[in-house]
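This report concerns only the one structure given below.
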Amino acid sequence: MIIVMKSGASRADIDRVCGKVEARGLKTHLSEGEDRTVIGVIGHDPFSVKDAFTHDPSVEEVVRITSADTVVRLGNGLTIGGDEVVLMAGPCSVEGGEMLLETARAVRDGGGHILRGGAFKPRTSPYAFQGLGREGLRHLAEARRQTGLPVITEVMTPSEVETVAEVADIVQIGARNMQNFDLLREVGRHPRPVMLKRGLSNTIEEWLLSAEYVLSQGNYNVILCERGIRTFETMTRNTLDIACVPLLEELSHLPVIIDPSHGTGRWSLVGACARAAIAAGADGVMIEVHPRPDEALSDGPQSLTPQNFAALVPQLRRVAAAVGKRLADPVRADTADAAVAG
Ligand code: PEP
Ligand code: MN
């Protein structure tokens, strides 16, 4: 963050502003130009000091400076946050080994890049299917081995981070855990990339501060995922906030993924919202795909069939090209077996 002093600010003004910053445990760095002085603010959460200068007559403006875009690189070379658009796809829940393999092959052959699937499921009702837990992780590891697709899966408790990260190329923090600060710190201490979903009723600022919890522990490989928020609207499961994509482009250097499946709750809306997400500049989308949606143990109504997913991919390729990006290269079948969590 930088504080731009007004032209004509005196030495005493500059010293006073620096003193206020330093009193909050942050460091300052002066750049003295001919006309005005710019004070760089360095340290944890430098933006926290911005409100201390809204009435200061010698301060012109306080500006958040974003560093270079974060590009997350997976073990197989796939990047998230650069010029490539990535497609994460797979079932809501891992329901068994066979169905997961069937889906994973369809995702890869349809043009998907990363296999999604929940083993630990945060279900609203304690009586709903809770996921296969560690058995689900084993199925994910096997699907990864047989298809070469990197895997993303959710972790719900700090004590399971190590176990989940052994299998996952990206660990997912679900919407309901966006403000589970112990969990955020724990994944922050682990080197595995993290995808942080936006909470059901959380503001963009709260979401970015949750990302800071991970970053502050030394894990800089953080991806944001918008999955729809609660509004008064009930026709869709959530209201997908597409505007957050260009907004986050201004506010943050982290990659942004859109999840149109949870964002809408209706499979018939998923394709249009995925196209819109990429048109708005998203670094990728996460789409639920199930071989037989009507038999799914969770989120069948919002899941695409493999055929629908495969038909959508060429459309997403064209939209990516229209905004100066390109879909990441397909994962080649001959990379199977070689894939090892990076
Ligand atoms: C999921 O992606 O598996 C999931 C549970 O989504 P969310 O946390 O966004 O509800
Ligand atoms: Mn789901």
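Indexing begins at 1, ligand by ligand and atom by atom, following the structure's order.
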of all protein heavy atoms, closest to atom 3 (O) of ligand 1 is R116 NH2, 2.8 Å

Quick one: report the N, O or S atom of D299 that is nearest to the Mn ion (ligand 2). OD2

Check this for me: D83, atom CG, are more than 12 non-hydrogen atoms of other residues, nucleotides or ligands nearer than 6.0 Å? no

For K121, the atoms of ligand 1 under 4.0 Å from one of its heavy atoms are 3 (O), 5 (C)

Atom of H262 closest to the Mn ion (ligand 2), considering N, O or S atoms: NE2

Hey, are E84 and R326 close enough for a salt bridge, meaning a charged N less than 4.0 Å from a carboxylate O? yes

Identify whether the distance between the nearest side-chain nitrogen and carboxylate oxygen of D56 and R16 falls below 4.0 Å. yes

Need the ligand 1 atom indices (1-based, order shown) with element for anything under 4.0 Å from a heavy-atom of A175. 7 (P), 8 (O), 9 (O)

Numbered atoms of ligand 1 (with element) below 4.0 Å of R176, judged on heavy atoms: 7 (P), 8 (O), 10 (O)

L215 and V71: same hydrophobic cluster, using ILVMFWY side-chain contacts below 4.5 Å? no

Just checking Y220: does its OH atom have more than 12 heavy atoms from other residues, nucleotides or ligands closer to it than 6.0 angstrom? no

Which atoms of ligand 1 have any heavy atom of G174 under 4.0 Å away? 8 (O)

Can you tell me the N, O or S atom of E288 that's nearest the Mn ion (ligand 2)? OE2

I'd like to know if E154 and K121 make a salt bridge, using a cut-off of under 4.0 Å between side-chain N and carboxylate O. no

When you measure from atom 2 (O) of ligand 1 to each heavy atom in E154, R227, K197, which option holds the nearest one? K197

If you round to the nearest 0.5 Å, how far is OG of S7 from CD of E60? 7.5 Å

